[in-house]
Amino acid sequence: MALRDRLQDDARAMADDLVDLRRRLHRHPEIGLELPVTQQTVLEALDGLDLEVSTGESLSSVTAVLRGQREGPAVLLRGDMDGLPVQELTGLDFASQVEGAMHACGHDLHTAMLVGAARLLSAHRDELEGDVVLMFQPGEEGWDGAGRMLEEGVLDAAGRRVSSAYGMHVFSGQIPRGTFTTRPGSLMAASDALHVTVLGEGGHGSTPYLAKDPVTVAAEIVTSLQTLVTRRFDVFDPVVVTVGSFHAGTRRNVIPDEARFEATVRSFSKTARDRIRTAAPELCRQVAAAHGLSAEADYLDEYPLTVNDADHAEFTAGVVREVFGEERFEPLANPHAGAEDFSRVLQAVPGCYVFLGAHPGDDMDVPGNHSPRAVFVDEVMPDGVLLHAELAIRALERDATSPGNEQREGA
Ligand SMILES: [Zn+2]
């Protein structure tokens, strides 16, 4: 029996175990960098496998190194594990039992699929021409858990730097169920924050000329930011600026001293990001100055662009087509405006992040990721496990013979 068929049979055979594990995780979502119950569940699920397991210092991560039968490079597979502060409204019988917390982004599937990959690859250790680092990561949803795991050395967990890295994200809606999609280059946006305080001088609402009204000026800045976005940026290399919070004043007839607002800023290239990083705060200060006020504007870098190395994206698409059939891969036309801290891994080593459609039924017009009604189906998990395993096995073969892998020498 060919290796591909054996892997597929073994991945399908673990379907019930994956469902059980995923549903246990789903019932007990945890938020942020400390996920003690989730961490314990993962450690128990990996128990009995011949892995070198370590846990994080500054977060409840799990890193597991699987040593292959033969010497070679090391590759990394990543699954994020955190939930969201969302009150679940799916009505599923395995819905969250934690008030105000939900696995609304499918990270419960990611965790279960990475455990499945650990089991599948362990069972086929003799096919591995090197080592596999399994990165179970907390705190993807705005906590930069990946950045912390990099600081704690996840990329070198096998004793040398991994030569490539792969991750997977499930989607509800947007992608046909069971279809894999990705693209070379920019895959997901860079996500940054703009914090602005317009400094005026309070006074009576009846005599604004005796005060310096920060509310009208802040409102003008908010609309000017939208003009900045459309007039100063290439329509084919866009940025998104959304002011999601705006606070000023206490009463209708009192002009306050200051007005504050915060925006999220998304960009899809280094050029656009570098430009908006300078242009947005400058615009805030200059519009305020034009009206005789001042503004403090701070631009804070959050998650970088998620960029797929072109060769690795092509390699990943090829593996999907070969393992699952042509029809299961769909090239992604445009980047996704969401952001990801797997971007930090892909900044450090080449690799590919791939999306998998996981909503129930064939209708794609369903509640999406982060919705309290988002539903992700169990049935996609064996294929996710299989893709993880195939990518690891084939990437090790490829990286072992690629000329860029001289880091292995002397290791
Ligand atoms: Zn997510």
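Only a predicted model underlies this, so the values are computations on that prediction, with no experimental measurement involved. In listed order, ligands and their atoms are each counted from 1.
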Between Asp298 and His195, is there a side-chain donor-acceptor contact under 3.5 Å, judged purely by atom types and distance?
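No donor-acceptor contact under 3.5 Å links the two side chains.
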Distance alone, cut at 3.5 Å: any donor-acceptor contact between the side chains of Asn308 and Thr182?
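The criterion, which ignores hydrogens and geometry beyond distance, is satisfied for Thr182 and Asn308.
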Have a look around the Zn ion (ligand 1) and list protein N/O/S atoms under 2.8 Å, or say none.
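For the Zn ion (ligand 1), the protein N, O and S atoms that sit under 2.8 Å away are Cys105 SG, His107 NE2, His169 NE2.
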Please enumerate all residues that pass side-chain hydrogen bond (donor to acceptor under 3.5 Å, both in side chains) together with Thr38, with sequence neighbours excluded.
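Result, side-chain hydrogen bond (donor to acceptor under 3.5 Å, both in side chains) vs Thr38: Glu30.
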Run the salt bridge (charged side-chain N to carboxylate O under 4.0 Å, His left out) test against Asp20 and tell me which residues pass, sequence neighbours left out.
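In terms of salt bridge (charged side-chain N to carboxylate O under 4.0 Å, His left out), with neighbours along the sequence ignored, Asp20 is linked to Arg24.
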Go through the structure and list residues passing salt bridge (charged side-chain N to carboxylate O under 4.0 Å, His left out) with Glu340, not counting sequence neighbours.
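Salt bridge (charged side-chain N to carboxylate O under 4.0 Å, His left out) check on Glu340 returns Arg78.
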From Leu391, Leu121, Leu76, residue fulfilling side-chain contact (heavy atoms from CB on, under 4.5 Å) relative to Val132:
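Answer to the side-chain contact (heavy atoms from CB on, under 4.5 Å) test with Val132 among Leu391, Leu121, Leu76: Leu121.
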